[in-house]
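Counting starts at 1 for both ligands and their atoms, following the listed order. The shown structure was predicted, so the numbers you read here are calculated from the model rather than taken from an experiment.
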Amino acid sequence: MKINQAEISDYNQKGVKDHNENFDFLSNKLTSQGKDVGSIVSKLAGFQVAIPSWALGAGGTRFGRFGFYGEPSNLEQKIEDVGVLHSLTQTAGAVSLHIPWDIPSDYDAIKQKADALHIKFDAVNSNTFQDQKDAAETYKYGSLSNVSKAVREQAIQHNLDVIKIGDKLGSKALTVWLADGSCFPGQNNFQTAFQNTQDSLIDIYKGLPDDWKMLVEYKPYEPNFYSTVIQDWGASLMLANGCGDKAYTLVDLGHHLPNSNIEQIVSILQLKGKLGGFHFNDSKYGDDDLTVGSIKPYALFLIFNELVYGMENNPQNPDLAWMIDASHNVKDPLEDLIQSLEAIQEAYAKALLIDQKALKAAQLENDVVKCQEILQGAYRTDVRPLLEKARLNSGGVINPIDAYRTLGVRGQLIKERGKHTIATGL
Ligand code: LRH
Ligand code: MN
């Protein structure tokens, strides 16, 4: 299904008066505080987040999966669904594919479809955490870190194949996340596992086109529950440095032990010019892959404060890959992704309201209270009229969730696809 511009402008009619009143009020207030509202709105409109191809259907856990009707059953339908998200929000202009879950059958056709929907191909993800049915070697005891050279070589070759697939689609980055680790003390020699991983990543790195990046994603545990080879930002940073200038760290918000200070990690990785991108989601306990901003919205705001500071002060750090990585156990996947896109825009908008100069001055004065007042003043601002303006300026809708329901998108998808289609992915 495709949402056409006429449906969008018809829908916006009912809300545009309220929007204009709210926007004018906020815009006047911010302008009186010296804020450049126009630049904030254009930064929001330019902030495109990649949708994970593996999260367009219902997710699940080992305890079960409850399907969602009208799920996409092939890559073409997944691109269509990303197109629906982008039509409504105008901030989902990219998709991140996971291989082999989403190997295109017709590259030209899929590129034409994505182009027509203004969808770019962001980082491609390799998968050496599941065995493919005709594979010669198993990844049961790891992939790039495996004690077996044959297993490591199979995993290296898979990553080189993923690069080729991404290259045909116009992608410019490879994301490597490894489940590799151990479930019991003594099972692994940590140094051998780490060195095998480093050597394997270097072999993959040699196959990276000049204008590509390698994003090394870390995670403390699951599916291994005693040790994980790439357990934290330090391990990812060391491995990226061991590969070279085109290798960076990837921060998945759910891949941190409770109460980790993620904004500090983000800040220092930018200072070192080694922050490559994000997998946005939220979590209460583990890698819960919940809707962005649904559990810890203030933490997300503090991360965006460091990102805004870094984007202004760390030219040594590359443009970042913005991606969502979530799983939907109880919500309509598209509504869940719309809420995540909204939360990301909201955190970014609030962070753009922070007077970084005044904050720096207060920090130099050790005026702790003033520092907090500056941050929380921005956080307490209802920035939704700015998000609406950015969407309207780009041809999107004022309220994406309401539009999604008013336009009956899920009903239309069920009519087209039926109730029993299942999307590949997690
Ligand atoms: C691992 C992870 C990784 C993906 C997978 C789908 O938990 O975050 O980014 O490969 O989820
Ligand atoms: Mn992830």
Strictly under 6.0 Å, is that where the ring centroids of H328 and F66 end up?
no

At a 4.0 angstrom heavy-atom cut-off, ligand 1 is contacted by W54, H98, F129, W177, E217, K219, D252, H255, H279, D287, D325, L426

Distance filter under 2.8 Å, centred on the Mn ion (ligand 2) - protein N, O or S atoms that pass it:
E217 OE2, D252 OD2, H279 ND1, D325 OD2

Under 4.5 Å between any side-chain heavy atoms of F47 and I344, yes or no?
yes

Residues in salt bridge (charged side-chain N to carboxylate O under 4.0 Å, His left out) contact with E388, at least two apart in sequence or another chain:
none

Counterpart residues, side chain to side chain contact (heavy atoms under 4.5 Å, CB included), relative to A362 (two or more places apart):
D367, K370, C371, I374

One should read off an interatomic distance between D289 CG and D252 CG, to the nearest 0.5 angstrom, of 6.5 Å

Sub-6.0 Å ring centroid separation between H98 and F129
yes

Thinking salt bridges, do R405 and E335 make one under a 4.0 Å N-O criterion?
yes

Check: Q356 and N305 side chains under 4.5 Å, non-hydrogen atoms:
yes

Are L144 and I156 close enough that some pair of their side-chain heavy atoms sits under 4.5 Å apart?
yes

